[in-house]
Amino acid sequence: MSTAPSDVNFSDEQMLGFYREMLRIRRVEEQIGKDAKAGNIPGAVHLYIGQEAVGVGVCSQLTDDDWIASTHRGHGHYLAKGGDSKLLMAEIYGRETGMCKGHGGSMHVADFSKGIIGANGIVGAGISITTGAAWAAQMDGTGAVAVAFFGDGAANQGVLGEALNVAVLWKLPVIFVCENNGFSEFSPSSTVTAGKIVDRAKPYGALHEAVDGNDLIAVHQCAARAIRHARTGNGPSLIEARTYRQRGHVEAEASFLRSKYRSDDEVAEWIARDPIPALAKRIMDAGQASQADLDQVEADIAAEVAEAVKFAEGSPYPDPATQGTNFMFA
Amino acid sequence: MAKKRMIQAINETLDREMARDPKVVVFGEDVEISLFGDTRGLKDKHGAHRVRNMPISETVMSGMAVGAAAAGYKVVCHMMFGNFMYTGFDSIANQASKLRYMTAGQIALPIVYMGVFGGGRSAAAQHSDAMHPMFMNLGGIKVALPATPADAMGLLRSAIHDPNPVVFLQAAGRGGEQGEVPEGDHVVELGKASTVREGDDVTVVAIGAMVRPAMRSAQNLAEEGIGVDLIDPRTVVPLDREMIFGSVRKTGRLVVVDEARDMCSAASHIAAICADQCFDALTAPIRRVTVPDVALPYSPSLEKALLPNEGSISDTIRRLLGKAAAETEEA
Ligand SMILES: Cc1ncc(C[n+]2csc(CCOP(=O)(O)OP(=O)(O)O)c2C)c(N)n1
Ligand SMILES: [Mg+2]
């Protein structure tokens, strides 16, 4: 598994940018978590808290012309790829002004203008969709790539094998990023997943690499190799980023689960390896930013979150008299 | 006008639309050599990037169509047999039919999922289904079932350029059937039924491969003095309700012929909406001629007995009109 060497050079600005993106996801999601508990959100929400280094490490190297497909745990990917937090919040609140006008909700936030094919309620669905988007990118010949984010649970969908096979054969510019957060819903990965996920690329001859998914720099470098490989016409890669889901599978789980599926110690251990303080420490140790700089980032994000909530709360619900049946057909 | 075989009409349409629009691409299992002949020769003309053989991987295939369409291509995804659409059903049912809706119309998904359907050739249970009713229930997918080479040409052209996913079902084993096809460009709008034959006594709505036996039945019944208003919906989504209602209001009687199993068939839906909308005009109960709720068997003797045919259609109509069915009782 690759971890970041200590002598990597990113500019002060880049480093602070990574920190900002990760913290932005964290604070937006903490707010969503609070809102869910308060009963302000009509549907289920699955939080990405703890996994931010993966989304940011990969998406910070993509442009609007590159595609990503996400999962039910999709707010982080959406934000990391440049999605707007106000439109996200309003969507999760089920409002008319949301990214999908209240038709999609947390599990379907998408912004095609930014290459965000969207979150997805079907586990593993993004794998085939990005393979197709990568085929389109290949035909376009622009060097664009497609990235499928999916979980360790999704890696057990047969479609991963199908996609690796065709992507290698056709040399498609697709990067399969498996975020192994230890759980498939409430089943520990070890109970439902044989072998190492990263090894599943081997027999197909796809580039593959395991990486510490809580190390932003390591993820960035690993993804850089895969993206370069794809952009230069050499085909697909599979990345397994080992990380941890700090929150529940779904925010409401405490209200319906009758027993535990992991120990408090385990959670505490992983919280101690939280990717955001780790990056902050790295930045400070290297003298790339001051505490005041980080505080400023924190304050800016707090303002952004407050504004997103205000925007969502102040927005009307879509009117069933004019909405709800509009978008089935183009 | 020229006479063309169904498969030739489809092949020429794919060829013409690929030439017309560089965004049209075709992929599927063995599309290069082409099992049915509909995609034959396309790779040589339009290049290996736009006509691609797929591994036997329906799950990824139907989803790749979604991704490529979302990224700007007009995708013809050849699923070979319609039954294999079940294998690749997830991305059709959960993605293609809903992605536009879920994202409030952010994208168009110009996809044609193509495949052959229906029985009559001892292909047995896993290669003979008429699966159009399943797609009708998804909500976001159009469904075209051409009955003639001209309609195949016109509907396919519309389907390729339609911004929505379209399931395009070719009647199995009918690729060799000939029909008149207009010269040059021919377009049939999705959602426009055709009146195959006019008559005043009974409306017959026949779907896909059922149009032919219904037509023969109508011809024979004309000699008995029974006038059949025969309608081919051509697409079941969108369904040309107004044309069907207009005919039912004229004749007061309705028989729907569908190769699907009876339960939740296109026939049962058409019967339901006509009962809703034309009840006052009906002078007799609505009848459905469909396949019983069983899988299709292999042996010709068994299969033949289950599929609607000219005899069963004619008998149903005669009974509805209070006439004896004796003449074709054994057909
Ligand atoms: C096809 C499908 N099967 C099952 C589910 C129910 N489900 C939702 S999330 C989930 C677990 C997914 O685990 P993983 O892929 O590891 O993602 P994570 O939740 O850990 O981010 C399951 C089983 C689903 N949404 N879709
Ligand atoms: Mg997981």
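Keep in mind that the numbers below use all heavy atoms, side chains included, and drop hydrogens, waters and symmetry copies. All chains are named by letter (A, B, ...) in the order of the sequence lines, taking the proteins before the strands, and each is independently numbered beginning at 1.
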Checklist outcome for this item: Counting heavy-atom pairs under 4.5 Å with chain A, the top scorer among B:Leu109, B:Ile107, B:Ile56 is B:Ile107
Checklist entry - Using non-hydrogen atoms only, which part of A:Met99 is less than 4.5 Å away from chain B: side chain, backbone, both, or neither? => result both
Next on the checklist: For the CD1 atom on B:Ile33, are there more than 12 heavy atoms of other groups (residues, nucleotides or ligands in this structure) within a distance under 6.0 Å?
Outcome noted: no
Next on the checklist: Ignoring hydrogens, what is the shortest heavy-atom contact between B:Ala70 and A:Phe112? Give both atom names and the distance.
Outcome noted: CB-CE2, 3.9 Å
Checklist entry - Relative to chain A, which of B:Ala69, B:Pro22, B:Gly105, B:Pro165 shows the most heavy atom pairs under 4.5 Å? => result B:Gly105
Present all donor-acceptor pairs from chain B to chain A with distances below 3.5 Å, rounded to 0.1 Å.
unit_1, atom_1, unit_2, atom_2, d
B:Lys23, NZ, A:Asp140, OD1, 3.4
B:Arg52, NH1, A:Gln138, OE1, 3.3
B:Thr59, N, A:Glu162, OE1, 3.3
B:Val60, N, A:Glu162, OE1, 2.8
B:Tyr73, OH, A:Asp140, N, 3.3
B:Tyr73, OH, A:Asp140, OD1, 2.5
B:Gln95, OE1, A:Asn120, ND2, 2.9
B:Gln95, NE2, A:Asn120, OD1, 3.0
B:Arg100, NE, A:Phe327, O, 3.4
B:Tyr101, OH, A:Gly324, O, 2.5
B:Met102, O, A:Gly104, N, 3.4
B:Gln106, OE1, A:Phe112, N, 2.9
B:Gln106, NE2, A:Met99, O, 3.4
B:Gln106, NE2, A:Ala110, O, 2.9
B:Asn164, OD1, A:Ala330, N, 2.6

Checklist entry - From B:Ile141 CD1 over to A:Phe329 CZ, what is the distance, rounded to the nearest 0.5 angstrom? => result 8.0 Å
Next on the checklist: I'd like to know which of A:Gly104, A:Ala330, A:Ala136 tops the heavy-atom pair count under 4.5 Å against chain B.
Outcome noted: A:Ala330
Checklist outcome for this item: If you tally heavy-atom pairs under 4.5 Å between each of A:Ala125, A:Ala163, A:Ala133 and chain B, the highest tally belongs to A:Ala133
